[in-house]
Number of protein chains: 2
Amino acid sequence: MHLTRIPSDTVFQALADETRLRIIHLLVETGEESCLCELVDSLLEPSYKLSRHLKILRQAGLLTSQKEGRWVYHRMLEEPSYITRLYDVVRALPDADGVYAADLTRFHERLCLRDGGRCLVGIQREEFRAEAVD
Amino acid sequence: MHLTRIPSDTVFQALADETRLRIIHLLVETGEESCLCELVDSLLEPSYKLSRHLKILRQAGLLTSQKEGRWVYHRMLEEPSYITRLYDVVRALPDADGVYAADLTRFHERLCLRDGGRCLVGIQREEFRAEAVD
DNA sequence: TGCATAGTTGCACTATAGCGCAACTATTAT
DNA sequence: ATAATAGTTGCGCTATAGTGCAACTATGCA
């Protein structure tokens, strides 16, 4: 699948960030794929930030991204086997602050806006919308 | 056991380094405990470097260290459950360069020098011994 | 054709991680 | 006591990671 060999510590490096863990937790827990704007509305983080974190996850061989018109859908990969074991760890993580739970709640709400399983709207949260030029 | 709450990303941060992965791989694969000098002779890395990495693993809640005379024995912890799942990942990691295998070979050789299951000698490799002051 | 918008990325800044050196503590043996 | 040695750590250095801002590309719609 990927031609470049990925060092083992790179994989863990990819998980060694709270925002990336939130992304992974969300996608692993739901088994869903998600476009960037849905993630923005779920994690309440700006798109440029999430976009960069998604790139890191992709380069670490954890995530695949597919463009579909204006939207890009991201989903976790299921191979090789140490990756799926990694997801077992992620699912077993404590959620002391309830951050993961809150992300999930917002994500599920956001999924209701889909039409035919596809995201047809952009970022809903005002504070993360690109402000129109007057 | 540990009173301080450890953030999830700290745990992965602890694995996000090649040297620390080598330490963990060695201890997880063998189920052994090891003192610093044995690790130096197995990983061929200077003691100050390994000592610092061991501290990071300890602070991440992955490792426990017990002093016994002049020696300090380190072993991986088995709780909480996401930790043991993490070890499943470590065991499933590819060893493309054979680094883990080479570490294991040297470790097993080094274990032969133990007496009554305890390490009674210091660093064997010349290049990592503290040079005597003439 | 032109505008709105989903998403990406260059840049500058700051914070932190890992390193080697050398000095340090603690324990044992002579 | 004193020397040797197992192990730890402060310091200074360098490299890199994460961030916000703003500019950028690309796609679809009026």
Side-chain angles (χ1 to χ4, degrees), chain A residues 7 9-10 12-23 34-41 43 45-60 63 65-74 110 113 118-134, chain B residues 7 9-10 12-23 34-41 43 45-60 63 65-74 110 113 118-134:
Chain A
D9 55 306
T10 300
F12 291 107
Q13 184 63 257
L15 288 270
D17 175 275
E18 208 212 317
T19 306
R20 290 197 292 270
L21 264 185
R22 287 171 67 197
I23 295 173
S34 172
C35 61
L36 184 60
C37 56
E38 289 172 332
L39 289 174
V40 169
D41 282 328
L43 306 193
E45 297 285 349
S47 57
Y48 64 79
K49 184 174 172 180
L50 295 183
S51 178
R52 260 196 276 251
H53 282 306
L54 289 166
K55 184 178 185 178
I56 291 170
L57 292 173
R58 216 179 305 127
Q59 290 173 339
L63 186 121
S65 304
Q66 279 170 7
K67 186 156 190 173
E68 204 169 301
R70 261 198 287 197
W71 287 269
V72 178
Y73 286 90
H74 308 274
R110 182 55 221 260
L113 300 184
R118 298 287 91 177
C119 175
L120 296 182
V121 298
I123 298 169
Q124 297 299 296
R125 299 274 172 164
E126 273 299 333
E127 63 269 41
F128 295 110
R129 305 263 295 275
E131 49 255 48
V133 200
D134 192 308
Chain B
D9 56 305
T10 300
F12 291 107
Q13 185 63 256
L15 289 270
D17 175 276
E18 209 211 318
T19 306
R20 290 196 292 270
L21 264 185
R22 288 172 66 197
I23 296 173
S34 171
C35 60
L36 184 60
C37 55
E38 290 172 332
L39 289 175
V40 169
D41 283 328
L43 306 193
E45 297 284 350
S47 58
Y48 64 79
K49 183 174 169 178
L50 295 183
S51 179
R52 260 196 276 249
H53 282 305
L54 288 166
K55 184 178 185 180
I56 291 170
L57 292 174
R58 214 179 305 128
Q59 290 173 339
L63 187 119
S65 305
Q66 278 171 7
K67 186 157 191 172
E68 208 170 286
R70 259 199 288 199
W71 286 269
V72 179
Y73 287 90
H74 308 274
R110 183 54 223 259
L113 300 184
R118 296 288 92 177
C119 175
L120 296 183
V121 297
I123 297 170
Q124 298 298 296
R125 300 273 172 166
E126 274 298 333
E127 64 268 41
F128 295 110
R129 305 262 294 275
E131 49 256 47
V133 202
D134 195 306

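Labels below follow one simple rule: chain letters A, B, ... track the order of the sequence lines, proteins then strands, and each chain is numbered from 1. Quick note: numbers below take in every heavy atom, side chains included, and nothing from hydrogens, waters or symmetry partners.
- Atom CD in A/Gln66 sits about 15 Å away from atom P in D/dT27, given to the nearest Å.
- Counting only heavy atoms from C-beta on, B/Arg20 has its side chain closest to C/dG18 among C/dG18, D/dG7, C/dT8.
- Among D/dA26, D/dG7, C/dC19, the nucleotide with an atom closest to any side-chain atom of A/Lys67 is D/dA26.
- When the C1' atom of C/dA6 is taken as reference, atom OH of A/Tyr73 falls 11 Å away, rounded to whole Å.
- Rounded to whole Å, atom P of C/dG7 lies 5 Å from atom CG of A/Leu36.
- The shortest side-chain heavy-atom distance between A/Leu54 and A/Arg58 falls under the 4.5 Å cut-off.
- For A/Pro46, taking side-chain heavy atoms from C-beta onward, the closest of the listed nucleotides D/dT8, C/dC19, D/dG20 is D/dG20.
- Note on B/Tyr48: a side-chain N or O is less than 4.0 Å away from OP1 or OP2 of C/dG20.
- Counting to the nearest Å, the C1' atom of D/dC21 and the CD atom of A/Glu45 are 16 Å from each other.
- Distance, B/Trp71 CH2 to C/dA29 C1': 11 Å, rounded to whole Å.
- With distances taken from any side-chain atom of A/Arg58 to the nucleotides C/dT8, D/dT8, D/dG20, the minimum falls on C/dT8.
- Mapping B/Gln13 and A/Ser51 onto DNA chain C by nearest heavy atom places A/Ser51 at the nucleotide closer to the 5' end.
- One interatomic measurement links the two molecules: CD1 of A/Ile56 to P of C/dT9, which rounds to 12 Å at whole-angstrom precision.
- Straight-line distance from the CG atom of B/Leu54 to the P atom of C/dA17: 17 Å, rounded to whole Å.
- Among the nucleotides C/dT9, D/dC11, D/dG18, the one closest to the side chain of A/Lys55 is C/dT9.
- Looking at which nucleotide of DNA chain D each of B/Ser65 and A/Ala16 is closest to, the 5′-most match is held by B/Ser65.
- Scanning both residues, B/Ser51 and B/Leu36, for their nearest heavy atoms gives N-CD1, 3.9 Å.
- Side-chain atoms of A/His74 and A/Ser65 include a donor-acceptor pair closer than 3.5 Å.
- A/Gln66 CD: 12 or fewer foreign heavy atoms inside a 6.0 Å radius.
- Listed nucleotides C/dT9, C/dA22, C/dG18 differ in distance to B/His53; the shortest reach to its side chain belongs to C/dG18.
- Of all nucleotides listed (C/dG18, D/dG18, D/dA4), D/dA4 comes nearest to the side chain of B/Arg70.
- If you measure from atom CZ of A/Arg118 to atom P of D/dG28, you get 14 Å, rounded to the nearest angstrom.
- Under 3.5 Å, the side chain of A/Arg52 and the base of C/dG7 form no donor-acceptor pair of N or O atoms.
- Residues B/Val121 and B/Arg110 are in side-chain contact: their nearest non-hydrogen atoms beyond the backbone lie under 4.5 Å apart.
- If you check D/dT8, D/dT19, D/dA26 against the side chain of B/His74, the one that comes closest is D/dT8.
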